[in-house]
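Please read the structure below before turning to the comments.
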Amino acid sequence: MFPIDIQFSLPFTYNFDRALARLAGDPINSVDLEGRLVRIPMEEGNILNLQGMGTADQPSFVLKNAVDELQIEAVKSIFHFDKPLDGIGAHFADTDLGPIFMEHEGTPLVRSFSLYGELMKSIIHQQLNLSFANTLLMRFVESYGDKIDGVWRYPSPERIALLDVSELRDMQFSTRKAEYMIGLSQAIANGTLDLEKFRQLDDDEVTAELVSYRGVGPWTAQGFLMFGLGRPNLFPLADVGLQNALKKVWGMDRKPTRDEMLVRFPAWSPYLSYAALYLWRSIE
DNA sequence: TGCCAGGAATTGC
DNA sequence: GCAATTCATGGC
């Protein structure tokens, strides 16, 4: 097996440093901001290195240790190297979100490295402040996942399916969260819930199936679609962070109502996910 | 100190 | 149906 190393550039604006900055917000990721490097645990077991070499205006990259061409395409898809950002920035230029798209220009929507991990992470993040949620996430991964060559990998759903609620309770998970995570893991482990299948379904179909599981509501389904599957047009109305970001952008003394946010959807579509992404960046 | 946190299920009317 | 309550605990 000879690992493949390649170098490539993009024909559009792409700020890799901003992509890395956001990835670094998740403590499970192995990100070296100074070295402009991220190490990606692949499903096949190897760890792939992606390093930024160019500028935001003329982005280029070095990708190392891919086992085949399919992995190269997978990484390009995860980082949305195939999705030009210039048109999206232009779409928001004359909207109320123009200033934050200027401020964070070239920030891509990078997908999670693991669909299952994204789902577990979303459950953990429900209702908790980011700091404590990250603490719980690291306890989860350190207890049941693997660290290979310095890179953390989420546990398998099969492993979590066998846990008792009390084991997660001991790590300060709520009983409900523990039940949600174990229940979903059991559904995945026994084949009832097929996350990979979701890649071929549309947003509504994925949402309908996901929310039928205990512990998954609209917010979690929307987050999974955005960051798990990289879908471009979702905006989690229930998200307190987005509400606070809009409060700030709109100069309000209270959080906006659901309807006040909804009336902006036509102007933001079909890139609602990017509106959400840049709003989150604006308060991070 | 008391309210809030990148929600969702459950209960009560 | 829909609003209020509960869950758990750290952060500020």
The test is side-chain contact (heavy atoms from CB on, under 4.5 Å); show your working for A/Ser114 and A/Lys121 and say whether it passes. CA-CA 10 Å; A/Ser114 159; A/Lys121 179 181 159 185; over 6 Å; no
With side-chain contact (heavy atoms from CB on, under 4.5 Å) as the test, pick out the partner of A/Leu23 among A/Ile28, A/Val38, A/Leu33.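 Of A/Ile28, A/Val38, A/Leu33, side-chain contact (heavy atoms from CB on, under 4.5 Å) with A/Leu23 is met by A/Val38 alone.
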Between [atom2] on [N] and [atom1] on [X], what's the gap in Å once rounded to a whole number?
X	N	atom1	atom2	answer
A/Gln127	B/dA8	CD	C1'	9 Å
A/Leu137	C/dT9	CG	P	18 Å
A/Met138	C/dT9	CE	P	21 Å
A/Leu234	B/dG6	CG	C1'	15 Å
A/Asp26	B/dG6	CG	P	14 Å
A/Tyr213	B/dA9	OH	P	14 Å
A/Arg214	B/dA9	CZ	P	8 Å

For [N] and [M], measure between their [atom1] atoms and round to the nearest Å.
N	M	atom1	value
B/dG2	C/dA8	P	22 Å
C/dC7	B/dC4	C1'	15 Å
C/dT5	B/dC3	P	13 Å
C/dG10	B/dA8	P	22 Å

Phosphate OP1/OP2 of B/dA5: any A/Asn244 side-chain N/O under 4.0 Å: yes
Would you mind classifying the nucleic acid contact of [X] as base, sugar-phosphate or nothing, using non-hydrogen atoms under 4.0 angstrom?
X	value
A/Glu284	base
A/Arg281	nothing
A/Pro236	nothing

Any donor-acceptor N or O pair under 3.5 Å, side chains [X], [Y]:
X	Y	value
A/Asp239	A/Gln222	no
A/Asp164	A/Ser166	yes
A/Asn190	A/Thr192	yes

Using a 6.0 Å cut-off, check whether atom [atom1] of [X] has over 12 heavy atoms from anything other than its own residue.
X	atom1	value
A/Arg258	CZ	no
A/Met252	CE	yes
A/Gln58	CD	no

Filter on ring pair (Phe, Tyr, Trp, His ring centres under 6.0 Å), then keep only pairs touching residues 29-76 of chain A, sequence neighbours left out; what's left?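 Every ring pair (Phe, Tyr, Trp, His ring centres under 6.0 Å) pair that includes a residue of residues 29-76 of chain A, provided the two are not neighbours, is A/Phe8-A/Phe61, A/Tyr14-A/Phe61, A/Phe16-A/Phe61, A/Phe61-A/Phe81.
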For A/Gln126 and A/Gly215 the tightest heavy-atom approach is NE2-O, 2.8 Å
Show me the side-chain donor-acceptor pairs of residues 144-156 of chain A shorter than 3.5 Å, one per line, residues at least two apart or across chains.
from	atom 1	to	atom 2	distance (Å)
A/Arg153	NH1	A/Met42	O	2.6
A/Arg153	NH2	A/Gly45	O	3.2
A/Ser156	OG	A/Arg159	N	3.1

Let me check something: any side-chain donor-acceptor pairs from residues 103-111 of chain A under 3.5 Å, sequence neighbours excluded? List them with distances.
from	atom 1	to	atom 2	distance (Å)
A/Thr107	OG1	A/His104	O	2.6
A/Arg111	NE	A/Gly228	O	3.4
A/Arg111	NH1	A/Ser77	OG	2.7

What are the residues of [range], sorted by number, that bring a heavy atom to within less than 4.0 Å of DNA chain C?
range	result
residues 128-136 of chain A	A/Leu128, A/Asn129, A/Ser131, A/Phe132
residues 164-179 of chain A	A/Arg169, A/Gln172, A/Ser174, A/Thr175, A/Arg176
residues 97-126 of chain A	none

